[in-house]
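Heavy atoms only: backbone and side chains are in, while hydrogens, waters and symmetry mates are out. Naming convention: chains lettered A, B, ... in sequence-line order (proteins, then strands); numbering from 1 in each chain.
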Protein chains: 2
Amino acid sequence: MFFHFKDRFPKLNTYWDKYLPFQKRVEAPAKTVLLQEGKISQHYIFIEKACVRTFFNNNGDDKTVQFFFENEGLSSFDSFMNSVPSSFTIETIEPSVIYLLPKQYVTQLIDELSHEPDFAQMILQMTSRRQMHYINEFVSIIRDTPEQRYQLLLTERPHIVQRVPQHYIASYLGVSKVHLSRIKSKLAKGKLRF
Amino acid sequence: MFFHFKDRFPKLNTYWDKYLPFQKRVEAPAKTVLLQEGKISQHYIFIEKACVRTFFNNNGDDKTVQFFFENEGLSSFDSFMNSVPSSFTIETIEPSVIYLLPKQYVTQLIDELSHEPDFAQMILQMTSRRQMHYINEFVSIIRDTPEQRYQLLLTERPHIVQRVPQHYIASYLGVSKVHLSRIKSKLAKGKLRF
DNA sequence: GCCGAACGATAACATATGTTATCAAGTTCA
DNA sequence: TGAACTTGATAACATATGTTATCGTTCGGC
């Protein structure tokens, strides 16, 4: 969350350095639950090595919301900030190396940063990006067909297609795994034409 | 955006009072474009009386993203904050009374507020809410059928169904207006059973 | 090496949704 | 008032997508 802004707001750099040591390194196998839907988020998560997904359960059916990779940080934002039960589960897809920063330190860090005028700018930048991300996802769903969305994944975020099992991608695209298989098959046939 | 937080952070109240006079009152008929897709947002918009929608154009086809009503404020956030072309058009649905606060004052206001430790907290609250809103919309689309989404509108935001023409609601739900008509018809028949 | 689980493709059928066209009622405005 | 526009319903047909089931492959653990 915050550590990505190292060097972009140099005045704040000392804060990052001060809190990095409080992170706890964890090695976890694939399919490890880092935060269970319904529980209150207690850590900020930073990914050193892995692929992670967030999803929620709907009538026994997983709905994948987002994927995260190396050098990305995440939390169940609402749960973390407002101490409410998380709407999502966070789970590793691959064997992983992650760092956990307990909430108390994040809270403390935010309190300290509140006195820095640059902090407000940083938050505005950070949150406007997250917001744009979610708006873009939203827009993509109501504008594009699942086939178009899959092609966008292929061209713009190919690492997802390469590393993530297909049924997770299907649930992310909002279609059944059977239909995603059909889409792939159709695209493959299209490429074969000459 | 900010004025909703009056009294929630009392230390910041004087700032709101100081900038309110810079707002410009505007009366506009229905279907007035307040911000054109592709243009850079120059004002923060506050709605005194009206129903407003944001949408984008996709191959000549409107896709409605969100509705706003009395006492709500909005801007094309990314465009406003980062001075990039807006992805959305903002348009009145009804004859309206709105207030426009020019961007320069908002920027100035933010600069002043940056020195207030409470401001960071306010932004975190504000943005976590917006973020939750978009996440919820996102989740609703991938979890619920259009019929379920329409029923949610009926029960949780009936004012939208009452005041907004049906084809806008259809484009918001992500279905054709014909299909929304079918959904309504189906629900009506369901209610008639005994 | 074996076995079960995870993964992915495909078929067959049912349902949901889009597209186009037509009709009717209400509204606006000259 | 009359014409044009907006709104909404409905029918008929085409297409997209879900569901269920089956099959083959791969992969990790024992």
Side-chain angles (χ1 to χ4, degrees), chain A residues 27-33 51 53 55 58-64 67 91-96 140-151 153-154 160-192, chain B residues 28-32 51 53 55 58-64 67 91-96 140-151 153-154 160-192:
Chain A
E27 295 191 22
K31 297 201 180 185
T32 302
V33 171
C51 169
R53 74 180 179 123
F55 67 93
N58 182 235
N59 302 330
D61 194 22
D62 278 5
K63 298 283 187 176
T64 298
F67 301 106
E91 186 184 88
T92 61
I93 292 178
E94 302 169 342
S96 52
S140 175
I141 288 190
I142 60 179
R143 181 189 54 202
D144 305 325
T145 65
E147 180 175 329
Q148 288 171 321
R149 276 160 53 69
Y150 181 69
Q151 282 185 300
L153 271 196
L154 278 177
I160 291 183
V161 182
Q162 286 154 15
R163 287 174 69 175
V164 176
Q166 195 164 309
H167 57 285
Y168 293 156
I169 294 179
S171 94
Y172 167 73
L173 292 176
V175 299
S176 66
K177 61 185 180 183
V178 175
H179 191 63
L180 177 53
S181 192
R182 271 196 288 246
I183 288 173
K184 288 181 68 173
S185 157
K186 182 182 167 190
L187 290 178
K189 281 174 191 163
K191 281 185 181 172
L192 286 179
Chain B
K31 298 200 179 186
T32 302
C51 169
R53 73 181 181 123
F55 67 94
N58 182 235
N59 303 328
D61 195 23
D62 279 5
K63 298 282 187 177
T64 299
F67 301 105
E91 187 184 87
T92 62
I93 292 179
E94 302 169 345
S96 52
S140 174
I141 288 191
I142 60 179
R143 180 189 54 202
D144 304 326
T145 65
E147 181 175 328
Q148 289 172 319
R149 275 160 55 67
Y150 181 68
Q151 282 186 301
L153 272 195
L154 278 177
I160 291 182
V161 182
Q162 286 154 17
R163 287 175 68 176
V164 176
Q166 196 164 309
H167 57 285
Y168 293 155
I169 294 179
S171 95
Y172 167 73
L173 292 177
V175 300
S176 67
K177 60 185 180 182
V178 175
H179 192 63
L180 177 53
S181 194
R182 270 195 289 244
I183 288 172
K184 287 181 68 172
S185 156
K186 182 182 167 191
L187 291 178
K189 282 175 191 161
K191 281 184 182 175
L192 286 179

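A cation-pi arrangement is absent between A:Arg53 and A:Tyr172 under the rule of less than 6.0 angstrom and at most 45 degrees off the ring axis.
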Between the protein and nucleotides 3-5 of chain C, are there any N/O to N/O pairs under 3.5 Å, and if so, what are the atom names and distances?
none

Is there any protein nitrogen or oxygen under 3.5 Å from a nitrogen or oxygen in nucleotides 15-22 of chain D, and what are the pairs?
residue	atom	partner	partner atom	Å
D:dT17	OP2	A:His179	NE2	3.0
D:dT17	O5'	A:His179	NE2	3.4
D:dG18	OP2	A:Ser176	N	3.0
D:dG18	OP2	A:Ser176	OG	3.3
D:dG18	N7	A:Arg182	NH2	2.7
D:dG18	O6	A:Arg182	NH1	3.1

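B:Leu173 has its side chain within reach of B:Leu153: a pair of non-hydrogen atoms, C-beta onward, lies under 4.5 Å apart. Using a 4.5 Å cut-off on side-chain heavy atoms (C-beta onward), A:Arg163 and A:Ile93 make no contact. Residues B:Lys186 and B:Tyr150 have side chains not in contact (no heavy-atom distance under 4.5 Å, counting atoms from C-beta outward).
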Summarise protein proximity over nucleotides 22-30 of chain C in one line of letters, 5' to 3': B for base, S for sugar-phosphate only, - for none, counting protein heavy atoms closer than 4.0 Å. ---------

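No donor-acceptor pair closer than 3.5 Å links the side chain of A:Thr92 to the backbone N or O of A:Pro95. Under the 3.5 Å distance criterion, the side-chain polar atoms of B:Lys63 are matched with a main-chain donor or acceptor of A:Ile142.
Not counting sequence neighbours, B:Thr32 has no partner by the side chain to side chain donor-acceptor pair (under 3.5 Å) test. Judged as a side chain to side chain donor-acceptor pair (under 3.5 Å), and not counting sequence neighbours, the contacts of A:His179 are A:Arg182.
The overall bend of the helix from C:dG1-D:dC30 to C:dA30-D:dT1, read as the angle between its terminal helix axes built from five base pairs each, is 50° when rounded to 10 degrees.
Remark: B:Gln166 is not in phosphate contact with D:dT6, judged by side-chain N or O atoms under 4.0 Å from OP1 or OP2. Residue B:Lys184 places no side-chain N or O under 4.0 Å from the OP1 or OP2 atom of D:dG8.
B:Ile169 pairs in a side chain to side chain contact (heavy atoms under 4.5 Å, CB included) with only one of the listed residues (B:Thr64, B:Leu180, B:Val175), which is B:Leu180.
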